[in-house]
Protein chains: 2
Amino acid sequence: MKPDHPARTRECQTVSELLSRIGDKWSVLVVASLGEGALRFSALRRRINGISQKMLTTTLRSLERDGFVTRTVFPTTPVQVEYQLTELGRDLLCPVGALAEWAIRNQARVDAAREKFDRKNKPATQRPAVPLNV
Amino acid sequence: MKPDHPARTRECQTVSELLSRIGDKWSVLVVASLGEGALRFSALRRRINGISQKMLTTTLRSLERDGFVTRTVFPTTPVQVEYQLTELGRDLLCPVGALAEWAIRNQARVDAAREKFDRKNKPATQRPAVPLNV
DNA sequence: CGGGATCCCGACGGATACTG
DNA sequence: CAGTATCCGTCGGGATCCCG
């Protein structure tokens with residue numbers, strides 16, 4: 001296939017769309033947390049550490065919709081809800097894991113590049129912190 | 001390392017942060033477009049197809065800051081600016097490519113899951129399309 | 001040509017309160 | 001316990017105009 005083949009563009013958009021979904025603030029953390037086994041709502045929330053219950057719900061719904069997790073309700077009192085990766089979800093963990101390794105290995109390089117860029121271009125972007133008491 | 005080792009959490013956050021950056025609307029498309037060689041601003045904009053000049057600028061600045069692309073200005077009249085992947089940027093293309101392949105291979109599965117979910121849960125979320133001429 | 005500066009709007013996401 | 005509902009601020013991102 002030619003580098004600038006039309007289909008190439010569509011494929012990139014497909015990737016873009018996937019990244020738009022799992023590239024949000026919490027999806028990857030949720031999927032990774034479920035990577036080692038099923039978890040209940042509260043357990044997930046405790047494990048993820050900064051997530052609000054609203055965003056956990058939203059994220060789980062989205063992942064369920066896309067077929068990455070299943071949601072099982074146990075009609076106890078009070079209710080228990082268990083979340084678990086589907087086979088598609090576990091499958092997704094592979095390429096995401098590769099990206100994860102890359103991110104961990106190259107984090108220092110990115111940080112260094114960023115510092116260098118900031119030092120060079122915008123030493124003046126510093127906030128006055130407090131504009132005094134006018 | 002234990003599955004719930006504290007460092008595990010930090011690593012996931014690192015991955016989350018990377019995804020937050022390249023998971024935006026255009027970064028991957030830009031990086032992919034530059035994957036086959038350097039391009040000028042206008043060429044990039046023509047190639048990407050729906051991007052505004054503001055977002056192309058913003059995205060390129062961000063990628064430059066993180067050390068993924070270089071920006072070279074040719075002081076002709078009018079100016080020419082060429083963008084090119086760094087070694088870090090080309091390196092990033094590997095895991096992203098893996099994710100890309102996954103997205104392309106499993107697109108149908110995700111779409112199917114989504115349709116199924118929507119049919120089951122929300123047949124009423126359909127928009128009125130056009131609210132008539134009030 | 002390659003942007004910078006503004007305006008504007010909708011989506012994302014946090015905080016809080018309430019419910020089955 | 002596992003949400004839903006509401007309010008609200010922030011930010012992404014498009015449109016438009018201008019500039020060296």
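Reminder, nothing fancy here: chain letters follow the sequence lines and each chain counts from 1.
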Would you tell me if any nitrogen or oxygen in the side chain of B:Arg21 comes within less than 4.0 Å of OP1 or OP2 on D:dG12? no
Contact nearer the 5' end of DNA chain D, comparing A:Arg46 with A:Thr57: A:Arg46
Of the candidate nucleotides C:dG4, C:dC1, D:dT4, which contains the atom at the shortest distance from the side chain of B:Arg40? C:dC1
Using only side-chain N and O atoms of A:Tyr83, determine if any of them is under 4.0 Å from OP1 or OP2 of D:dG3. yes
Which residue, B:Thr58, B:Leu60, B:Asp66, B:Leu63, forms the side chain to side chain contact (heavy atoms under 4.5 Å, CB included) with B:Ser27? B:Leu63
Taking only residues two or more places apart in sequence or in another chain, which ones pass salt bridge (Lys or Arg N to Asp or Glu O under 4.0 Å) with B:Arg45? none
Can you check each nucleotide of nucleotides 12-20 of chain C against protein heavy atoms at under 4.0 Å and return B for base, S for sugar-phosphate only, - for none, in 5' to 3' order? -BBBBB--B
Please work out if B:Arg71 contacts a base, only the sugar-phosphate, or nothing of the nucleic acid, heavy-atom cut-off 4.0 Å. sugar-phosphate
Indicate, with a heavy-atom threshold strictly under 4.0 Å, whether B:Arg45 touches base, sugar-phosphate, or nothing. nothing
Symbol by symbol from the 5' end, with Watson-Crick or G-U pairs under 3.5 Å, [ ] crossing and | another strand, DNA chain C is ||||||||||||||||||||
Please confirm whether the backbone N or O of B:Leu85 pairs with a side-chain atom of B:Arg90, one donor and one acceptor, at under 3.5 Å? yes
Side chain to side chain contact (heavy atoms under 4.5 Å, CB included) assessment of A:Leu56 paired with A:Leu44: CA-CA 8 Å; A:Leu56 182 53; A:Leu44 262 176; 4.1 Å; yes
Test side chain to side chain contact (heavy atoms under 4.5 Å, CB included) applied to A:Phe68 and A:Leu34, step by step: CA-CA 10 Å; A:Phe68 295 134; A:Leu34 291 174; over 6 Å; no
